[in-house]
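Everything numeric in this text was worked out from a predicted model, so none of it was measured. Protein chains get the first letters and strands the later ones, always in sequence-line order, with residue 1 at the start of each. Heavy atoms only: backbone and side chains are in, while hydrogens, waters and symmetry mates are out.
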2 protein chains.
Amino acid sequence: MSKKATSSKRERDPAATRQRLIDATVRLMLQQGFSGTSVDQICKEAGMTKGGFFHHFENKEALGTAAVEWWGQMGTALYAEAWKDTALDPLDQLRRMFDIMIGFTRRPDEAACVCMVGMMSQEMSATNPAFQAACEKELNLWTTNVARMLTAAKKLHKPETKFDPVQVAWFLNSLWQGSMLVGKTCRSQELIRHNIKLARAYVEGLFQTN
Amino acid sequence: MSKKATSSKRERDPAATRQRLIDATVRLMLQQGFSGTSVDQICKEAGMTKGGFFHHFENKEALGTAAVEWWGQMGTALYAEAWKDTALDPLDQLRRMFDIMIGFTRRPDEAACVCMVGMMSQEMSATNPAFQAACEKELNLWTTNVARMLTAAKKLHKPETKFDPVQVAWFLNSLWQGSMLVGKTCRSQELIRHNIKLARAYVEGLFQTN
DNA sequence: TTGGACATACAAACCGGTCGGTATGTAATG
DNA sequence: CATTACATACCGACCGGTTTGTATGTCCAA
């Protein structure tokens, strides 16, 4: 039995504190980017002082990679709904994925539909090898899953159209990232949704039999 | 005293100096982003001191918007080869545009195939209204031109497939931006080229008659 | 001589990161 | 159970360096 509730007024929960720092980082970075967000700002957002911060992370870069990884886990959890059910027709898995993406544009909690991996890629991947590797890993993960579904769908439905599942997967990933980029600048979630619908129609077209 | 021949080694050419600053900014920003590039660094790159810099630009933000505008002009000049010839079949104009994009991935002068508008969009458009507006303007310009060609091609070829030229134009713009983003992080220009080829095939497919 | 085009020097804020110190939890010992 | 010993979690002042921006001086062409 643990009686942690009774004992102290101040709760010492290092794992939760660390997560609070990551959450604050994600929140601020989605808005301001990495260079534009200072450690002081993150600490304030997380209700923590700088001394405490550097107890949990070696430096700002370590926090950045942790935030990217965390974002990747969030994404995987988000798409899991579409990917996990391996008994399903892979083409239906892809359809579910598009639904999830459209749902992502409708989140009420965040103002814009943005991706931390995409932001970090643009800002840092050319200069910071650690960030570049972290972002590439996440992009690869998404593409690999989509390519897997496309390959399975190809085997199942034997479409007339010839295409390389990996190339199409990168095509869709690029479109998804670019849609969030353009959607942010043009302040239009609907633009993103239109793109997703066109992407969905594109995939359907690949498997359409005349 | 010093030899002050009629045309001394130090040329006073404010317009050229201003352009040198912009060029240096573009060069550095493509690599490091906006926040990651300091005014000192820009001055050094342009062979100029800070006092001189602030004589030409009110502040760093003014330089940033000037750099985005300059990038936009470069882009327009680049695509002009495809867009200018209004006598040409608009579908051929689009084909030329894809060729130009593929050519852009093969530039030897720059390490990576990147877009300043896309970088600035991701990093700054959520927090800086001036940058947001400048980037949106450039994105709109590209899309408008593509939509114009698609509309003209539609009128000329009367394809069976139904599509909205504006939506398709945004689709292509998003794909283009996303391709450069992903291509940078995955360090693959070939990935970008594959995406462009798929995009070209997509457009051809829109106008294909069975 | 006057004003634009630069250079030099400096300011004030801010940056990431360190450091000494303290509060708190835990485990061994007697 | 009480004491001691030590590790972890966190605080807040502080450091050296960098940031954008300013104030002032100098040179040169018209």
What's the closest nucleotide to the [X] side chain, out of [options]?
X       : options               : result
A:Lys60 : C:dG17, D:dC10, C:dC6 : C:dG17
B:His55 : D:dC10, C:dC6, D:dG21 : C:dC6
B:His56 : D:dT22, C:dC6, D:dC10 : C:dC6

Straight-line distance of A:Gln177 CD to B:Leu181 CG, nearest 0.5 Å: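 Here the rounded value is 5.5 Å.
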
Atom pair distance, as rounded to whole Å: [atom1] in [X] and [atom2] in [N]:
X       : N      : atom1 : atom2 : answer
B:Phe57 : C:dA5  : CZ    : C1'   : 14 Å
B:Asn59 : D:dG21 : CG    : P     : 5 Å
B:Phe54 : C:dT8  : CZ    : P     : 16 Å
B:Glu58 : D:dG21 : CD    : P     : 9 Å
A:Phe53 : D:dC10 : CZ    : C1'   : 14 Å

Assess, by modelled atom type and distance only, whether the side chains of A:Gln132 and A:Glu136 contain a donor and an acceptor separated by less than 3.5 Å.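 There is such a pair between these side chains.
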
Side-chain H-bond candidate by donor/acceptor type, B:Asp85 with B:Gln93, under 3.5 Å: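 Side chains of B:Asp85 and B:Gln93: no pair found under 3.5 Å.
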
Aromatic ring centroids of B:Phe171 and A:Tyr202 under 6.0 Å?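 Between B:Phe171 and A:Tyr202, the centre distance exceeds or equals 6.0 Å.
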
If you take the centroid of each ring, where Trp contributes its six-membered ring, are B:Phe207 and B:Phe163 closer together than 6.0 Å?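 Centroid separation for B:Phe163 and B:Phe207: below 6.0 Å.
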
Check whether any side-chain nitrogen or oxygen of B:Thr17 sits under 4.0 Å from OP1 or OP2 of C:dC6, and answer yes or no.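 Yes, within the criterion.
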
Starting from the C-alpha separation in whole Å, work towards a yes-or-no answer on side chain to side chain contact (heavy atoms under 4.5 Å, CB included) for A:Tyr79 and A:Asn145. CA-CA 10 Å; A:Tyr79 294 120; A:Asn145 272 298; over 6 Å; no

Upstream residue (5' side of DNA chain C) when A:Gly51 and B:Gly51 are each assigned their closest nucleotide: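 The residue closer to the strand's 5' end, by nearest nucleotide, is B:Gly51.
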
In residues 32-47 of chain B, which ones come under 4.0 Å of DNA chain C, going by heavy atoms?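 Here the set is empty: none.
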
For the side chain of B:Lys50 and the base of D:dG21, is some donor closer than 3.5 Å to an acceptor across the two?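 In this structure, the two groups form a donor-acceptor pair.
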
List the residues meeting ring-ring contact (aromatic ring centres under 6.0 Å, His included) with A:Phe98, not counting sequence neighbours, and say none if there are none.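 Result, ring-ring contact (aromatic ring centres under 6.0 Å, His included) vs A:Phe98: none returned.
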
